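All ligand and atom numbering here is 1-based and tracks the order in the structure. Values in this document were obtained by computation on a predicted structure and should not be read as measured data.
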Amino acid sequence: MRLIPPRGRFMLRVDDLHVRFGAIAALRGVSLHINQGEIVGLIGVNGAGKSTTIGSIIGIVRPSQGSISFENGSLLGLAPEAIIRRGIAPVMEGRRIFPALTVGENLRLGAAIRRDPAGIQEDLDRWCAFFPILGERYHQSAGNLSGGQQQMLAIGRALMSRPRLLLLDEPSLGLAPKLVAEVFALIGQLRELGMTMLLVEQNVRMTLNMVDRAYLLNTGAVEFTGTAAEMRQHADFERAYLGGAGAAAAATDAPR
Ligand code: ATP
């Protein structure tokens, strides 16, 4: 099963993005792009500007300068729902599922913008097979799921809008190491299906093992960018973000 055509075609382009919150310059000229079929990482410490970048892309933060285009149409000024209709689905930090609703009701909410009941049912079946725990717990309250399962539900719900680009904001946040590994394995499976993704993470090492390319944000600006291998090999980056363990050591746990 492939969700989309082969990789390579330009998809999202962010140019010279500036965002201010009062006196704080949260983004100071961020530019990045994502090609179809790529997984691109956006990494950086707390406060670097990762969530502000995602918020700008999905229309909940208003940039003061710059441009954002998706498949050649500008996203600037569009409401979040219109941006989801264009084919971008966010999985926001903190999971934000509806705990009092069932797993199935949460999944269906992801398809709220769609009007094709047969296609929605097809996708429910597809994603419940892909995430078996969601199928097993379909009629149970989402609030009873573990943290890792809730993260899978949040990702499944986003997939229900049939996005062409998935934005994952810190999917490993607050999860125990074993669950972090499970969530990353799942992202790897989505990559195999051909899903294009922007992966926002503080977990630099695991992110570099997963992505094709990455951007390192620091105080609202892109400090480094390159392929995962190029970033690992950059001495300053390696020293500051990979704990100085050596590029070779970082590469040994890389599956790709
Ligand atoms: P984290 O990993 O903690 O989410 P981040 O890299 O996503 O960090 P942002 O949340 O984008 O960083 O924050 C960038 C800067 O903008 C920080 O200085 C932050 O304090 C500030 N900021 C973010 N949102 C707001 C807001 N709504 N009001 C005021 N300042 C904000």
Which pairs, with at least one residue in residues 181-228 and sequence neighbours excluded, count as a ring-ring contact (aromatic ring centres under 6.0 Å, His included)? Phe224-His234, Phe224-Phe237
For a quick check: using heavy atoms under 4.0 Å, what are the residues in contact with ligand 1, sorted by chain and number? Phe21, Ile24, Ala26, Val45, Asn46, Gly47, Ala48, Gly49, Lys50, Ser51, Thr52, Glu93, Glu170, Gln202
Walk me through it: do Glu38 and Arg213 pass the test salt bridge (Lys or Arg N to Asp or Glu O under 4.0 Å)? CA-CA 8 Å; Glu38 277 190 315; Arg213 295 185 294 113; 2.8 Å; yes
Which pair of heavy atoms, one from Leu166 and one from Ala158, lies closest together, and at what distance? CD1-CB, 3.7 Å
Out of the candidates Ile187, Leu199, Leu42, Ile39, only one should pair with Thr207 under the side chain to side chain contact (heavy atoms under 4.5 Å, CB included) rule; please name it. Leu199
Determine whether Asp125 and Glu122 make a side-chain contact, defined as any pair of heavy atoms from C-beta on separated by less than 4.5 Å. no
So how far is it from Ile155 CD1 to Trp127 CH2, rounded to the nearest 0.5 Å? 10.5 Å
